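Working notes, beginning with the structure itself.
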Amino acid sequence: MKVLVINGPNLNLLGKREPGVYGTQTLQSINDKLATQAHQLDVEISFYQSNHEGGLIDKLHEAMDTQDGVILNAGAYTHTSIALRDAIAAIKIPVVEVHLSNVHAREEFRHHSCISPVCAGVICGFGANSYSLALQALVSGNQ
Ligand code: DQA
């Protein structure tokens, strides 16, 4: 099984960025732990991060023919991007929406997700474990 982890805008700053909200782990350390988990689950995992909406969309398109599932933290584009929603709807592989923080316990503008209706499921509020739970969900859904 092949899984791609996509992180959107500002997530390259994890570790330094609002640690009280997003924790102190860097994106690299989150990815390293996911890679270990993936190895144990016999999953081929890869990672992509971009601060640009178009880059995220191009990567989703590419994933359609190369991956069995995607874990997506779209950052703030979650709440604004119809283009990202359309890209997820267009590809036929499952996409799991993840967030480190519990977006529903935060500002009202974070309560709405443009992408949830076209995702296979949503995991939020468990910090770095949100990614790990998403990986487990994709693997068990593939069995
Ligand atoms: C986030 C939540 C979003 O509202 C925010 O814009 C982010 C990170 C999270 O992982 O908690 O950039 O997706």
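Counting convention: from 1, in listed order, for ligands and their atoms alike. Owing to the predicted nature of the structure, the values given are computational and were not obtained by experimental measurement.
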Closest to atom 13 (O) of ligand 1 among Glu97, His111, His99 (heavy-atom distance): His99
Tell me: protein heavy atom nearest atom 4 (O) of ligand 1, and distance? His79 NE2, 2.7 Å
Classify the side-chain pair Tyr131/Asn7 by whether it contains a donor and acceptor separated by less than 3.5 Å. yes
Distance alone, cut at 3.5 Å: any donor-acceptor contact between the side chains of Thr78 and Glu97? no
In this structure, would Val21 and Leu13 fall into the same cluster of hydrophobic residues linked by side-chain contacts under 4.5 Å? no
Which bit of Val21 is near ligand 1, meaning a heavy atom under 4.0 Å away: side chain, backbone, both or neither? neither
Just say parallel, tilted or perpendicular for the rings of His104 and His111, cut-offs at 30° and 60°. tilted
For ligand 1, which is the ligand I care about here, please tell me if Ala76 has any N or O atom under 3.5 Å from one of the ligand's N or O atoms. yes
Nearest non-hydrogen protein atom to atom 9 (C) of ligand 1, with distance, is Leu100 N, 3.4 Å
If we only consider heavy atoms of Arg17, is any one of them less than 4.0 Å away from an atom in ligand 1? yes
Ranked by distance from atom 11 (O) of ligand 1, the top protein heavy atom is Ser101 OG, 2.6 Å
Any non-hydrogen atom of Val103 lying under 4.0 Å from ligand 1? yes
Check for me, please, whether Phe47 and Leu41 land in the same ILVMFWY cluster - side-chain distances under 4.5 Å, paths through other members count. yes
Can you tell me which residue and heavy atom of the protein come closest to atom 5 (C) of ligand 1, and the distance to 0.1 Å? Arg110 NH1, 3.3 Å
Can you tell me if Asn10 has a non-hydrogen atom under 4.0 Å from ligand 1? no
Once rounded to the nearest 0.5 Å, what's the spacing between atom CG of Leu27 and atom OH of Tyr22? 13.5 Å
Within 6.0 angstrom of Glu108 CD, more than 12 heavy atoms from elsewhere: no
